[in-house]
Amino acid sequence: MRGYDEKILLMVLVVVAVIAAARGQETTGFVTWANNYYQTWGNQALVINKTSELQLTLDNNSGSGFESQLIYGSGYFNVRIKAPQTTSTGVITSFYLISRSSRHDELCFQILGRNGPPYLLNTNMYLYGEGGKDQRFRLWFDPTKDYHSYSFLWNPNQLVFYVDDTPIRVYRKNPDVYYPSVQTMFLMGSVQNRSIINPKQMPYIAKFQASKIEGCQTEFMGIDKCTDPKFWWNRKQLSSKEKELYINAKKMYLDYDYCSDRQRYPKVPQECGSYS
């Protein structure tokens with residue numbers, strides 16, 4: 001009877017999980033690596049202390065990456081990263097939200113390898129399959145010396161990129177342009193090589209600490225369940241303090257903005273009017 005009871009319990013748990021996703025379940029608090037993420041490619045990820053830290057390795061053969069088991073339709077997504085020490089700009093440590101479709105949406109942080117300060121952080125977006133929307137920042141710290149927080153706020157009205165609680169990029173919904181509110185997304189992370197790098201410095205190790213996820217868990221086609229203002233992140237607006245930090249970050253640390261690049265874009269991209 002014990003085996004039968006266990007099967008019944010497993011069936012109940014599966015049904016509960018399906019119902020929760022169908023309703024748009026709120027995921028809150030620290031989401032440990034354990035069974036919440038899986039390796040998608042490359043070298044075997046090394047989990048330290050079982051739940052608190054995950055290491056991704058880049059060596060002569062391959063980089064590596066992970067993806068969340070859960071699917072989200074809105075939320076606040078934070079991960080703490082310690083980037084590998086390297087002199088090569090080809091070593092890129094990334095954290096991103098991404099949808100699965102031929103016309104995908106994507107929000108991305110990319111910590112670029114560098115031989116000393118200023119260390120550069122590239123942010124990019126894909127909107128309905130169209131990328132090249134880079135904004136690059138000079139970091140005010142060394143991302144290889146300690147862990148720092150990189151976060152996305154994604155709701156039906158705005159996208160905010162945060163670094164250590166400082167907003168550095170804000171994109172607001174505009175009725176005249178596409179806004180990423182029609183596709184669900186997964187969390188992903190990776191370390192990879194985009195150019196020739198010194199093999200003597202390998203392997204490179206990127207460290208990711210357990211993340212604080214407060215998001216609307218749903219199914220693949222269930223983003224409509226995640227727009228409810230009952231979720232705090234869907235009501236979130238920048239505070240006066242955050243607005244000050246955002247203005248200062250753009251003034252002091254913005255290194256490149258595609259909206260100002262007339263050589264790359266002779267005509268200002270339409271969505272540039274959505275940045276505040």
Side-chain angles (χ1 to χ4, degrees), residues 27-59 61-72 75-86 88-100 106-114 119-125 137 139-154 159-166 168-169 185-194 197 201-215 217:
T27 300
T28 61
F30 280 91
V31 177
T32 56
W33 303 114
N35 297 319
N36 296 297
Y37 300 89
Y38 65 96
Q39 183 180 347
T40 51
W41 61 281
N43 296 303
Q44 183 64 44
L46 174 65
V47 178
I48 306 298
N49 298 327
K50 295 185 179 180
T51 60
S52 63
E53 183 180 287
L54 177 142
Q55 294 186 358
L56 295 180
T57 302
L58 168 64
D59 61 19
N61 298 314
S62 176
S64 50
F66 67 84
E67 179 179 311
S68 65
Q69 298 278 9
L70 301 179
I71 309 171
Y72 298 96
Y76 175 80
F77 308 92
N78 166 268
V79 68
R80 288 171 56 80
I81 302 173
K82 185 178 180 181
Q85 290 187 327
T86 172
S88 173
T89 57
V91 177
I92 300 176
T93 305
S94 302
F95 168 52
Y96 43 109
L97 284 170
I98 187 170
S99 65
R100 284 190 179 142
E106 180 181 331
L107 314 176
C108 185
F109 285 109
Q110 297 174 313
I111 305 172
L112 309 181
R114 190 176 179 90
Y119 293 91
L120 298 178
L121 174 72
N122 191 62
T123 65
N124 194 6
M125 297 195 309
F137 298 85
L139 289 174
W140 50 97
F141 53 82
D142 183 343
T144 71
K145 295 296 185 183
D146 203 353
Y147 287 93
H148 291 270
S149 294
Y150 304 85
S151 311
F152 299 112
L153 173 71
W154 171 41
L159 303 169
V160 185
F161 293 63
Y162 289 91
V163 176
D164 286 343
D165 298 324
T166 296
I168 62 169
R169 183 169 184 169
M185 293 201 267
F186 298 80
L187 283 173
M188 291 187 179
S190 67
V191 60
Q192 55 188 308
N193 167 25
R194 295 282 181 87
I197 57 180
Q201 296 180 346
M202 291 182 175
Y204 298 109
I205 298 176
K207 299 179 180 180
F208 294 74
Q209 280 190 340
S211 52
K212 186 175 184 181
I213 304 300
E214 299 189 71
Q217 175 191 342

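Taking CD1 of I92 as the reference point, atom CD1 of I111 lies at 11.0 Å (rounded to 0.5 Å). Between the CG atom in N193 and the CG atom in L58 there is a gap of 5.5 Å [rounded to 0.5 Å]. A distance of 11.0 Å separates OG1 in T123 from CG in L159, rounded to the nearest 0.5 Å. Between the OH atom of Y72 and the CD atom of Q217 there is a distance of 6.5 Å, given to the nearest 0.5 Å. Rounded to the nearest 0.5 Å, atoms CG (L121) and CZ (R169) are 10.5 Å apart. Atom-to-atom distance recorded for Q209:CD and L54:CG is 11.0 Å, nearest 0.5 angstrom.
Formation of a donor-acceptor pair under 3.5 Å by the T40 side chain with backbone atoms of G65 is found in this model.
Listed by chain and number, the residues in a side-chain contact (heavy atoms from CB on, under 4.5 Å) with W41 are S62, S190, Q192 (sequence neighbours excluded). Applying the side-chain hydrogen bond (donor to acceptor under 3.5 Å, both in side chains) test to S94 and every residue at least two apart in sequence or in another chain returns nothing. With sequence neighbours excluded, no residue forms a ring-ring contact (aromatic ring centres under 6.0 Å, His included) with F186. A search for ring-ring contact (aromatic ring centres under 6.0 Å, His included) contacts involving F109 returns Y150, F152, F161, not counting sequence neighbours. With sequence neighbours excluded, the residues forming a side-chain contact (heavy atoms from CB on, under 4.5 Å) with D164 are F141, H148, S149, listed by chain and number. Residues meeting the side-chain hydrogen bond (donor to acceptor under 3.5 Å, both in side chains) test with N122, sequence neighbours left out: Q110, D134. Residues satisfying the side-chain hydrogen bond (donor to acceptor under 3.5 Å, both in side chains) test with S68, not counting sequence neighbours, are none. Every residue meeting the side-chain hydrogen bond (donor to acceptor under 3.5 Å, both in side chains) condition with S151, not counting sequence neighbours, appears here in chain and number order: Y76, N78. Residues passing the side-chain contact (heavy atoms from CB on, under 4.5 Å) test with Q55 are L46, I48, E53, I205, K207, sequence neighbours excluded.
The nearest pair of heavy atoms linking D59 to P203 is CB-CB, 4.2 Å. Taking both residues in full, the closest heavy atoms of Y147 and K82 are given as CD2-N, 3.7 Å, listed atom of the first, atom of the second, then distance. Closest of all the heavy-atom pairs between C108 and Y96 is CA-CB, 3.7 Å. Counting all heavy atoms, side chain and backbone alike, P84 lies closest to V191 at CG-CG2, 4.5 Å. Between A206 and T93, the shortest heavy-atom distance links the atoms CB-CG2, 3.7 Å.
Taking the six-membered ring for Trp, F208 and F95 have ring centres at least 6.0 Å apart.
Looking at heavy atoms from C-beta onward, M185 lies out of side-chain contact with E106 at the 4.5 angstrom threshold. Looking at L187 and I213, their side chains come closer than 4.5 Å, going by heavy atoms from C-beta outward.
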